[in-house]
Amino acid sequence: MLNQNYCALIVLDVQVCFLKTIAKYDSERGDGEYVKKVLGDIKQLLISADGCGLPIFYTKFQNPLPAFKEVLEEEPVGELGDLVFVPRDPSQVYQNNSYNLPVDLKFKLRELSTQTGKPVLIAGFETDAFVLGACFDLWNECVPFRVSRKHVASGNFKAHEYGISLIVRQFLSLDERPLFYARNPSFLMKEGVMEMVELGEKQ
């Protein structure tokens, strides 16, 4: 069970704006399957964590600084900023406006890890940006963590693989243990998101 191996799961910035970017690159590659697989895997991870009572925290990127506006293909404003997986308890969501973890979430994770002696499990978007930033944040706080390769993604697949290689090089923190699934998740998947993914930005 996940709660035997981890103190918490953090799901980083799984928002419509970043999902659209991943779907766009997915469509350009011609298969259209990558983003659907990643979403399905993250959904099952959430169900698994729910089922065993593992604490789950979400980050939501918003109000980008001018530097971010230069590089974002889709700004997280309005519906584009919505979380794909919406927890029933709003207190699980932490607002964010940088590559770093919100300070209060970082302290919460450190507290949980210290109490249990277990690492944090990381999932979400984007591997080479927010995920990598969270790794450095937790590392600097001496909080052990693992990144599950099948539960992180980037719009650019090469950037995703580069992010993975950096995580391996810097932290040796990939985890690919089998996951155990449960029922009745405490989150709702944003309505219509799968239809948007299937369209793959085909305009």
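Residue numbers count from 1 along this sequence. Source: prediction; values computed, not measured. These values consider heavy atoms only, across backbone and side chains, with no hydrogens, waters or symmetry-generated copies.
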| Steps toward side chain to side chain contact (heavy atoms under 4.5 Å, CB included) verdict (Phe125, Val38) | CA-CA 10 Å; Phe125 302 158; Val38 169; 4.0 Å; yes

| Stepwise, does the side chain to side chain donor-acceptor pair (under 3.5 Å) test hold for His160 with Ser154? | CA-CA 5 Å; His160 163 73; Ser154 292; 4.7 Å; no

Under a 3.5 Å distance rule, please check whether [X] uses its side chain to pair with a backbone N or O of [Y] as donor and acceptor.
X	Y	value
Asp137	Leu101	yes
Thr127	Gly163	no
Gln15	Phe61	yes
His151	Gly124	no

Shortest non-hydrogen separation from [X] to [Y] and the atoms involved:
X	Y	answer
Pro87	Val93	CG-CG2, 3.5 Å
Ala8	Leu54	N-CD1, 3.6 Å
Pro119	Asn5	CD-O, 3.2 Å

| query | Is the centre of the Phe18 ring less than 6.0 Å from the centre of the Phe130 ring? | reply | yes

| field | Side-chain donor-acceptor pair present, Asn96, Thr59, cut-off under 3.5 Å | value | no

| said: Could you tell me if the side chain of Leu112 sits less than 4.5 Å from the side chain of Lys108, heavy atoms only? | reply: yes

| task | Dump the intermediate steps for side chain to side chain contact (heavy atoms under 4.5 Å, CB included) on Ser148 and Ile122, then the final yes or no. | result | CA-CA 7 Å; Ser148 182; Ile122 300 175; over 6 Å; no

| said: Applying side chain to side chain contact (heavy atoms under 4.5 Å, CB included) to Lys158 and Glu161, what does each step give before you reach the verdict? | reply: CA-CA 5 Å; Lys158 289 183 179 179; Glu161 287 297 310; 5.8 Å; no

| request: Could you point out which residue of Leu45, Asp89, Leu9, Leu121 forms a side chain to side chain contact (heavy atoms under 4.5 Å, CB included) with Ile56? | output: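 Looking at Leu45, Asp89, Leu9, Leu121, the match for Ile56 under the side chain to side chain contact (heavy atoms under 4.5 Å, CB included) is Leu9.
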
| request: Mind checking the OG-CZ spacing from Ser91 to Phe57? Nearest 0.5 Å is all I need. | output: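 Nearest 0.5 Å value for the OG-CZ distance: 8.5 Å.
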
| Approximate separation, where rounding is to 0.5 Å, of Tyr162 OH and Asp128 CG | 9.5 Å

| said: Hydrophobic clusters here meaning ILVMFWY residues chained together by side-chain heavy-atom distances under 4.5 Å, can you tell me if Val143 and Phe107 are in one? | reply: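 Different hydrophobic clusters.
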
